[in-house]
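Please read the structure below before turning to the comments.
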Amino acid sequence: MKRAAALVAALAVLAAVVWLVWPSTPEVRGQEQRIAVIDGPENDQRVELDTTYFAPEGGGRAPAVLLAHGFGGSKQSVRAQAVRLAGQGYAVLTWSARGFGRSTGQIALNSPDYEVKDVKQLIDWLAKRPEVRLDAQGDPRVGIAGGSYGGAIALMTAAHDPRVDAIVPMITWNDLSQALFPNGVFKKMWAGLFFSRGGPSVETQGLGALTAAPRPLSAQEARCGRFLPAVCEMYQQAAATGKATPEAIALLRESSPAAVAARIKAPTLLVQGQRDSLFTLAQADANAKAISSAGTPVEVVWFDGGHDGGNGEVDWLDELTLGWFDRHLRENAVTETADRFVITRDGGRDPGTRQRIRLHPGADRYPGLNGTSTAQIQLAGPDQNVVNPPGGSPASISAVPGMGGLLGGAQGNLSLSLDMQGQSALFESAPLAAPLQLTGAPTVTVRVRGEGEVTLFAKLYDVADAATPPTLPAGLVAPVRITIPEGKGSAEATITLPAIDHRFAAGHKVRLALTTTDMGYATPAEPASYVVGLASPVLAVPTVAALEAAPTGPVWWTWALPLAAVAVAALLLATGRRRPAGRGTAHVPGAVGADASVTALGGDASVTALGADASVTALGGDPRVDAEVPLEISGLTKAYRNGDKAVDDLSFRVEKGQVLGLLGPNGAGKTTTMRMMMGLIHPDSGEIRIFGDKVTPGAPVLSRLGSFVEGPGFLPHLSGRDNLTLYWQATGRPAADAHMEEALEIAGLGAALERAVRTYSQGMRQRLAIAQAMLGLPDLLVLDEPTNGLDPPQIREMREVLKRYARDGRTVIVSSHMLAEVEQTCSHVVVMTRGRLLSTGPVSDLLATARHNGHGPRLEDVFLDLIGDKS
Amino acid sequence: MSTAAAGYDARRTLPLRVEIVRQFKRRRTLVMFGLLLALPWILVIAFQFGPQNPNQQNALRLSDLATQSGLNFAAFALSVSASFLLVVAVALFCGDTVASEANWSSLRYLLAAPVPRDRLLRQKLIVALGYSAAAVICLPLMALLAGTLVFGWNDIQVPGTGETIPAFDVLPRFGIVIGYALVSQLVVASVAFLLSTVTDSPLGAVGGAVGLVIVSSILQAVEALGTLREFLPTFWNTAWLDALAPVLDWGGMTKGAAVSVTYAVLLFALAFRRFRSKDVVS
């Protein structure tokens with residue numbers, strides 16, 4: 001046991017040391033570099049870009065990846081991802097875009113005249129690096145990845161530079177004018193946040209921003225920060241009026257992939273967030289359509305994240321990005337996945353951690369926002385009066401930009417949405433009979449009565465019941481502008497609701513809400529009232545059946561593990577049986593025969609057999625003879641764990657009707673021998689036979705053995721009587737065979753019999769234990785120190801009991817230290833020391849030998865003489 | 001010729017009835033059941049203290065919903081006791097059973113009676129599991145009774161979403177919860193039982209099993225272990241919450257049951273294997 005513990009401890013220490021010393025992956029070092037580029041419409045502006053170059057792990061010429069950062073960030077924002085990609089064997093270049101971080105120049109919103117030219121020159125720079133693989137002279141094998149602002153530059157560069165081989169644009173725009181002025185309605189809150197991040201204080205970040213002494217700003221800096229003046233003018237005009245001029249639209253279009261995406265030849269992985277009210281799924285949809293129209297491979301991913309928060313799934317997106325580049329930038333292309341469209345869905349909670357789990361079902365083609373089929377949901381509701389409050393306030397709330405991120409994103413059930421009384425028209429479906437999985441942008445046709453230009457915000461709620469507030473999936477809202485022709489008084493319009501992936505549970509209702517205000521958008525200040533109704537009661541809900549995860553059976557190990565365990569358990573039990581001990585070793589027992597002739601004690605022989613004749617006849621192999629022998633021990637050996645022998649080659653035999661005294665000093669092996677008689681200890685070799693049957697643990701013949709070894713063993717909470725009764729019931733034998741009253745008489749406990757055993761004295765327990773040993777009047781009774789704790793009258797009584805017991809043809813074996821006691825009680829003795837047999841024979845013979853040697857007649861003297869000789 | 005004493009039959013030794021009586025009269029058995037049956041009432045009294053929160057709309061934790069109905073209360077009582085109290089109870093019944101006999105020295109007299117070792121272990125295991133099951137079952141049933149009497153027989157409110165499920169619909173689910181709690185405690189039972197056959201100290205066996213549960217729960221919090229954690233014996237202990245979700249999800253409970261049964265079968269087999277070849281020296 002101790003050795004095993006020490007081994008475990010040593011292994012644990014070794015493991016800890018190995019873990020500490022194990023070489024960690026060497027750190028990827030970035031090479032800081034300022035790269036000068038020339039851009040501008042006239043190619044006359046000199047800009048210095050702050051870059052970091054990460055050489056690929058592993059040497060050789062490797063494909064390169066350009067990692068672009070988001071708006072307001074810098075090259076530092078993508079450092080961690082760059083290190084990971086470099087570790088995967090890519091040459092990675094990160095840079096702060098013009099106007100950001102420590103790069104010079106002004107922000108031009110990914111304009112082809114500015115940022116795109118910069119990146120082209122970064123590709124030129126990469127082509128000169130010795131570690132970068134080239135497709136042709138000056139044409140490196142290169143991919144671009146980035147999110148938001150960085151995603152747009154990936155698209156723009158790929159459209160303008162055919163050298164780009166693969167791109168992964170994430171949460172980015174297709175048409176910036178549509179993103180900021182959806183259907184002409186100004187997304188004022190997001191636009192404000194977006195443009196403030198290009199403000200004057202972006203040069204220093206983090207702690208530096210707090211500790212750096214404020215630098216006086218020039219008037220232009222204070223007004224426009226690091227924006228190009230033209231961009232600045234455009235935003236200020238739009239924010240002030242809430243309307244975009246044609247010039248503004250043109251400028252934003254210039255910076256958008258919309259016009260040029262069809263020119264992209266680089267395979268594109270479009271990753272868009274499901275929680276994104278800035279760059280919606282519709283933006284990615286437009287990109288996907290434009291790029292794939294030219295036959296370029298496109299895959300679309302809708303993940304749990306975006307500008308409004310969500311989980312972000314950073315690890316999964318890294319994996320996807322790496323997979324995409326591995327497929328399209330390396331020859332040893334990894335296995336092609338069939339899925340062209342992958343989305344993230346809520347998979348409930350992990351039962352172990354109670355954490356939310358996300359599933360990623362896929363479809364083999366991107367279905368667009370109309371799904372692969374359409375479910376028709378009937379909406380109902382009367383025409384309703386709604387008003388636009390003066391000044392557009394108070395406004396309904398759908399989502400607060402960035403709020404989701406602050407709340408940790410995982411608040412699937414939390415809805416911030418709030419519709420103002422009198423400003424919204426509601427249309428509801430009946431409770432759904434079956435769950436409805438919406439994937440895409442639903443449409444509905446409405447009729448509006450009123451006049452002029454009507455701005456409405458359409459939302460689709462999931463209504464569980466009256467008690468639970470309705471949820472607005474992803475907090476998304478679709479602004480629409482409906483123009484009612486002069487004099488007509490009403491107009492019909494088909495509204496496209498926000499693209500989402502959402503599951504309406506069975507029993508839930510679908511609610512369409514049309515409101516006149518929304519906090520995130522600029523709305524007309526003029527008060528107005530309209531009547532809003534359904535032109536058609538049908539809500540067209542797109543669905544994608546291919547994404548429905550096939551019901552997965554239980555994980556393989558849930559049935560494999562228990563089956564394997566059962567097999568191993570069966571093996572454990574089958575191999576666990578002990579080899580029968582002492583097979584093949586024949587031993588000649590010394591028989592303690594009544595008629596044995598006395599041989600001289602002492603001398604050279606280690607074992608003095610009394611009555612060798614008897615032993616010869618007894619070992620003839622006649623089972624009938626054996627079955628008459630109460631106890632026969634042959635060659636019995638048992639070693640302690642340390643190798644010392646507790647019992648060493650012990651052989652003797654006990655005949656019927658004898659009262660045998662087992663004598664020996666402490667440690668002679670008496671108790672160990674008795675335990676082996678009871679089948680408690682397995683002998684190392686040799687065997688014990690009781691009435692001819694070999695003793696094994698639980699051998700049936702043990703039922704003819706009554707034993708009391710090394711003290712009593714009772715259940716302390718039960719009374720003496722209950723203990724004996726339950727013990728007898730545990731043997732499974734008929735109650736009548738117990739001879740309970742006779743046994744109790746021997747115990748002599750009187751009224752104490754009904755008390756709990758824990759209240760007994762040592763002597764009382766002793767007597768009760770002897771009574772228990774005598775239950776059922778066993779043919780062989782083995783008692784270990786039976787007179788311990790008894791008073792003289794009880795000892796005398798016990799002596800008579802044992803003699804009487806043997807007189808009826810039964811056999812008693814008693815071990816004792818009280819030699820006088822043995823002398824008076826026993827007919828025969830076996831003397832042991834250090835596990836070996838010293839002497840066997842009738843007490844009278846032993847005493848006679850002693851007298852013959854001139855010693856006193858007492859057994860004590862003989863005994864001391866015997867063990868004294870030998871030790 | 002019969003070598004055994006008249007009337008002896010190994011298949012009749014240590015009848016279950018005898019073992020049940022032997023264990024039942026023990027003070028720790030009675031105290032443990034007393035505690036398990038009293039706990040729901042203690043909780044009921046505890047909930048009477050403190051201001052009643054009238055705004056229950058957003059309170060979606062199990063403890064906030066406990067006073068909504070008898071079923072909610074029973075689920076709450078189970079959730080607070082499953083991670084430790086029931087573990088201790090199961091470890092006690094299964095860890096104590098053999099070790100205490102060894103401690104009292106009565107084990108050797110049973111074995112020499114003779115009760116064959118496999119049979120002794122089997123009978124003791126059955127009785128110990130029976131007592132463990134009784135302990136796991138009696139707590140939620142008493143909590144259901146106490147909760148229904150005090151808080152009424154209302155529909156259950158689901159933690160997390162606040163949805164309600166009709167009480168009679170959830171009653172079979174409650175059976176699943178108890179069934180799963182039983183299966184998931186098999187690991188504790190098997191560890192305690194194995195230790196019980198190894199050591200002569202009942203406290204060592206019980207403490208060892210409880211200690212293992214604690215270590216496993218600590219390891220479970222280490223996210224770095226990744227999917228390895230799924231195979232920790234305590235990882236799925238709370239999976240029964242899925243049975244109270246609006247949509248019954250068997251996934252977690254299947255995995256939890258598989259892990260639990262796997263450990264239990266192996267450890268029980270080890271216990272039998274060890275005990276069979278053991279030298280009983282106590």
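Lettering of chains follows the sequences in order, A, B, ..., and the numbering in each one begins at 1.
Interface summary for chain A: among B:Pro114, B:Ala269, B:Ala258, B:Ala221, the most heavy-atom pairs under 4.5 angstrom belong to B:Pro114. By number of non-hydrogen pairs under 4.5 angstrom with chain B, the leading residue of A:Asn723, A:Thr696, A:Leu705, A:Leu715 is A:Leu715. Contact tally against chain B (heavy-atom pairs below 4.5 Å) for A:Ile681, A:Thr672, A:Val701: the top residue is A:Ile681. The candidate with the highest count of non-hydrogen atom pairs below 4.5 Å against chain B, out of A:Val695, A:Val709, A:Val566, is A:Val709. Residue with the most contacts toward chain B among A:Gly706, A:Ala505, A:Ala569, A:Gly776: A:Ala569 (heavy-atom pairs, distance under 4.5 Å). Top candidate by heavy-atom pairs under 4.5 Å with chain B, chosen from A:Gly679, A:Gly711, A:Ala560, is A:Gly711.
Salt-bridge formation is detected for the pair B:Asp279/A:Lys638: a Lys NZ or Arg NE/NH1/NH2 atom is positioned less than 4.0 Å from an Asp or Glu carboxylate oxygen.
Contact of B:Arg22 with chain A is made through backbone and side chain together, with heavy-atom distances under 4.5 Å. Only the backbone of A:Ala699 comes within contact range of chain B, with at least one heavy atom under 4.5 Å from a heavy atom of that chain. The part of B:Glu101 that comes within reach of chain A is its side chain, from C-beta onward, which places non-hydrogen atoms under 4.5 angstrom from that chain. Proximity to chain B (any heavy atom under 4.5 Å) is restricted, for A:Pro712, to the backbone atoms N, CA, C and O. Heavy atoms closer than 4.5 Å to chain B are found in the side chain of A:Gln772, but not in its backbone. Looking at A:Leu718, the atoms closer than 4.5 Å to chain B (heavy atoms on both sides) all sit in the side chain, from C-beta outward. Residue contact with chain A, scored on non-hydrogen atoms closer than 4.5 Å, involves the backbone and the side chain of B:Leu270 alike. At a 4.5 Å heavy-atom cutoff, the contact between B:Arg17 and chain A is made by side-chain atoms alone.
Residues A:Trp557 and B:Thr262 have side chains not in contact (no heavy-atom distance under 4.5 Å, counting atoms from C-beta outward). At a threshold of 4.5 Å between non-hydrogen side-chain atoms, the residues B:Arg12 and A:Thr731 do not count as touching. Considering only heavy atoms from C-beta on, A:Phe708 comes within 4.5 Å of B:Tyr109 through its side chain. Counting heavy atoms from C-beta on, the side chains of A:Leu561 and B:Phe231 come closer than 4.5 Å. Under the 4.5 Å side-chain criterion, counting only non-hydrogen atoms from C-beta, B:Ser106 is not in contact with A:Phe714. The side-chain heavy atoms of A:Leu680 and B:Val281, taken from C-beta on, include no pair separated by under 4.5 Å.
The two residues B:Ala112 and A:Met678 have their closest heavy-atom pair at CB-CE, 3.6 Å. In terms of heavy-atom proximity, B:Arg117 sits nearest to A:Pro697 at NE-CB, 3.7 Å. Scanning all heavy atoms of the two residues, the minimum distance from A:Asp737 to B:Ala6 falls at OD2-O, 3.5 Å.
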Full working for side chain to side chain contact (heavy atoms under 4.5 Å, CB included) between B:Leu266 and A:Val568: CA-CA 7 Å; B:Leu266 288 178; A:Val568 171; 3.5 Å; yes
From CA spacing to verdict: salt bridge (charged side-chain N to carboxylate O under 4.0 Å, His left out), B:Asp9, A:Arg733: CA-CA 7 Å; B:Asp9 184 350; A:Arg733 291 164 65 184; over 6 Å; no
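Between the NZ atom in B:Lys255 and the OG1 atom in A:Thr558 there is a gap of 8.5 Å [rounded to 0.5 Å]. One finds the CG atom of B:Asp118 at 7.5 Å from the CG atom of A:Leu573 (value rounded to the nearest 0.5 Å).
Side chain of B:Arg108 to main chain of A:Gly713: no donor-acceptor pair is present (N/O by atom type, distance under 3.5 Å, no hydrogens or angles). For B:Thr13 (side chain) and A:Ala730 (main-chain N/O), no donor-acceptor pair under 3.5 Å exists by modelled atom type. Under a 3.5 Å cut-off, the side chain of A:His717 and the backbone N or O of B:Gln23 do not form any donor-acceptor pair.
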